[in-house]
Amino acid sequence: EMCIRDRRDEVLTTDEALAMICRSKSWFYAHCNESDFPKRIYWNNDKQKYFKRDEWLEFCEQHNIEVIRNI
């Protein structure tokens, strides 16, 4: 299995995902349990949870959330 450093461009931390849009952490956690919200995963048995980048961008597009910067 590949290590996180090898595939880091495919995943985002919560802070990185939020840095891409104009939303707060409270907004993020309020939407976490919605059925179409991207599931966070533990990548390579690490303690940090990550999102798959493509799932995050798809969620933003579906909900008309403007991506202000691409991390």
Side-chain angles (χ1 to χ4, degrees):
E1 187 172 317
M2 286 200 178
C3 124
I4 185 67
R5 287 172 284 289
D6 298 332
R7 306 293 292 273
R8 184 64 179 94
D9 61 328
E10 295 179 16
V11 294
L12 298 165
T13 65
T14 299
D15 289 340
E16 288 171 337
L18 283 171
M20 295 174 76
I21 62 174
C22 287
R23 297 290 200 282
S24 66
K25 278 196 177 184
S26 59
W27 173 90
F28 175 89
Y29 289 113
H31 288 81
C32 260
N33 293 322
E34 293 179 2
S35 61
D36 66 341
F37 198 81
K39 299 293 180 239
R40 291 186 294 166
I41 56 170
Y42 286 105
W43 188 274
N44 199 28
N45 297 324
D46 203 347
K47 294 178 183 175
Q48 173 72 50
K49 284 187 176 181
Y50 294 87
F51 289 104
K52 292 186 178 178
R53 176 185 297 275
D54 55 351
E55 290 179 8
W56 176 248
L57 292 172
E58 183 178 331
F59 175 81
C60 291
E61 184 177 336
Q62 288 174 347
H63 292 274
N64 296 316
I65 299 169
E66 181 183 2
V67 175
I68 57 170
R69 70 182 75 124
N70 204 342
I71 302 289

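On a predicted model such as this, the values are computed, not experimentally measured, just so you know.
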Next item on the list: Identify, with sequence neighbours excluded, every residue that meets side chain to side chain contact (heavy atoms under 4.5 Å, CB included) alongside K39.
Entry: none

Next item on the list: Would you name the heavy atoms of W27 and L18 that are closest together and state the gap between them?
Entry: CE3-CD2, 4.5 Å

Give every donor-acceptor pair under 3.5 Å between a side-chain atom in residues 61-71 and any protein atom, sequence neighbours left out.
| unit_1 | atom_1 | unit_2 | atom_2 | d |
| --- | --- | --- | --- | --- |
| Q62 | NE2 | E58 | OE2 | 3.3 |
| H63 | NE2 | D36 | OD2 | 2.6 |
| R69 | NH1 | A19 | O | 3.3 |
| N70 | OD1 | R53 | NH1 | 3.3 |

Notebook entry, point to check: Taking atom OG1 of T13 and atom CZ of R40, what is their separation to the nearest 0.5 Å?
Noted result: 10.5 Å

Notebook entry, point to check: Distance from F59 atom CZ to H31 atom NE2, nearest 0.5 Å?
Noted result: 6.5 Å

Check: Taking the six-membered ring for Trp, are the ring centroids of Y29 and F37 within less than 6.0 Å of each other?
Finding: no

Margin query: Could you measure the distance from the CD atom of E10 to the OH atom of Y50? Nearest 0.5 Å is fine.
Written below: 13.0 Å

Item checked: Atom pair CD1/CH2 of I21 and W56 - distance to nearest 0.5 Å -> 4.0 Å

